[in-house]
Amino acid sequence: MTLSSGNINEFLEWAAQVPHGEAGNVRRQISRARDEALTESLLMALDEQPVPDLGRHLILLSTIGELRDARAVPRLEAFVWSRARLFPQPNEAGGVSEDDGHSVLNFQALLQARAAEMLSYLATDEARRATLRIAADHPERAVRAAAIDAHLYNHGDTAEAVQEVLSVIRAEDVKLVGLPRLTADMDAAEFDRNVNAFYERYPEERPPLPQGGPDPGVREEPPSPRRRGSTRPSEEAGPDVQ
């Protein structure tokens, strides 16, 4: 399905149903888009509030990133910093239920973290500066962690990129540099070992167990292992579009 400004909803629905192993097909369709109005139409959809569907918005953000249109930089940055409530209900996912207790996942931070990743993926000087500002100063730790990892990933995890990040982030966020990252060409057992090593080194970062009872309020999401597309230089590389 070729993407255009006139079929964004249909394209996002189609992309959501494509098996993860066939995500390259989604990227190919995005790369073939030639609609001059497409970027603005996607950004207008991004600005819809309240957010109608979390999964749809995540795919929407990935689509914006995959276009790699520099015009998206200021709008993505504004989305990351927005303090407006993006969801009609309190932005903590799940809330309290009879069977699973209280979720610690923050919907708003999840979307803003994804937007920070897509911002970095645009790979312009303006995007680089914006990503480093987020890594340094965003109030949500999960968003800062995403910006840190995205900057490193999109700059090849070079020593220069590491130093660039270390020069701006908070002292308490240094441990977020080099979080375990799962890529398509990594053995799952190796990833598990890396995750376990991280939590053994920083046991305070283990995610809390869900708790039932009265709503304890919004809790900060701990740093988490990152899932990325392939690190191989192929058409499969790029943001996870699913």
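Positions are given from 1, in the same order as the sequence printed here.
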With the threshold set at 4.0 Å, does a side-chain nitrogen-carboxylate oxygen contact exist between [X] and [Y]?
X	Y	value
Asp47	Arg75	yes
Glu66	Arg28	no
Arg193	Glu190	no
Arg133	Glu77	yes
Asp157	Arg181	yes

Within the supplied structure, the quantity of interest is the number of heavy atoms (other residues, nucleotides, ligands) at a distance under 6.0 Å from [X] [atom1]; does it exceed 12?
X	atom1	answer
Met44	CE	no
Arg83	CZ	yes
Glu204	CD	yes

What is the distance from atom [atom1] of [X] to atom [atom2] of [Y], rounded to the nearest 0.5 Å?
X	Y	atom1	atom2	value
Leu58	Phe107	CG	CZ	9.5 Å
Glu22	Arg27	CD	CZ	12.5 Å
Ile64	Leu46	CD1	CG	4.5 Å
Leu122	Arg71	CG	CZ	11.5 Å
Leu111	Leu54	CG	CG	5.0 Å

Report the C-alpha separation of Gln112 and Ser82 in whole Å, then their side-chain angles, then the decisive distance to 0.1 Å, and conclude whether the side-chain contact (heavy atoms from CB on, under 4.5 Å) test is met.
CA-CA 9 Å; Gln112 290 180 327; Ser82 174; 4.3 Å; yes

Just jot down the side chain to side chain contact (heavy atoms under 4.5 Å, CB included) partners of Glu48, sequence neighbours excluded, or say none.
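With neighbours one apart ignored, the set is Ala45, Pro52, Arg56.
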
Residue pair Gln29, Trp14: steps toward the side-chain contact (heavy atoms from CB on, under 4.5 Å) verdict:
CA-CA 11 Å; Gln29 297 305 319; Trp14 168 76; 3.8 Å; yes

Are [X] and [Y] close enough that some pair of their side-chain heavy atoms sits under 4.5 Å apart?
X	Y	answer
Thr63	Leu12	yes
Glu126	Pro74	yes
Leu179	Ile148	no
Ile30	Phe11	yes

If I compare all heavy atoms of [X] with all of [Y], which pair ends up nearest, and what's the gap?
X	Y	result
Val26	Ala15	CG1-CB, 4.0 Å
Ile134	Val143	CG2-CG1, 3.7 Å
Arg68	Ala123	NH2-CB, 3.4 Å
Ala113	Ala142	CB-O, 4.1 Å
Ser120	Asn154	OG-ND2, 3.0 Å
His57	Phe79	CD2-CZ, 4.3 Å

Kindly indicate, with the supporting measurements, whether the criterion salt bridge (charged side-chain N to carboxylate O under 4.0 Å, His left out) is fulfilled by Glu117 and Arg114.
CA-CA 5 Å; Glu117 291 172 346; Arg114 188 61 173 159; 2.8 Å; yes

Partners of Asp53 by side-chain hydrogen bond (donor to acceptor under 3.5 Å, both in side chains), sequence neighbours excluded?
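By the side-chain hydrogen bond (donor to acceptor under 3.5 Å, both in side chains) rule, Asp53 matches no residue at all.
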
Looking only at atom types and distance, does a side-chain atom of [X] sit under 3.5 Å from a main-chain N or O of [Y], one as donor and one as acceptor?
X	Y	value
Thr131	Ala127	yes
Asn194	Pro180	no
Asn7	Ser4	yes
Asp149	Ala145	no
Arg32	Thr2	no
Arg141	His138	no
Glu205	Tyr199	no

Using distance only, find each side-chain donor-acceptor pair of residues 159-166 under 3.5 Å and give its atom names and separation, not counting sequence neighbours.
{"unit_1": "Glu164", "atom_1": "OE1", "unit_2": "His151", "atom_2": "NE2", "d": "2.9"}
{"unit_1": "Glu164", "atom_1": "OE2", "unit_2": "Arg128", "atom_2": "NH1", "d": "2.6"}

Working note: Leu176 + Ile169, criterion side-chain contact (heavy atoms from CB on, under 4.5 Å); need CA distance, chi angles, decisive distance, verdict.
CA-CA 10 Å; Leu176 305 182; Ile169 63 175; over 6 Å; no

Could you check whether Thr39 and Asp69, counting side-chain N and O atoms only, form a donor-acceptor pair closer than 3.5 Å?
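Yes, because at least one side-chain N or O of Asp69 sits under 3.5 Å from a partner of the opposite role on Thr39.
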
Does the pair Leu182 and Val195 meet the rule for a side-chain contact (heavy atoms from CB on, under 4.5 Å), with working shown?
CA-CA 10 Å; Leu182 178 62; Val195 171; over 6 Å; no

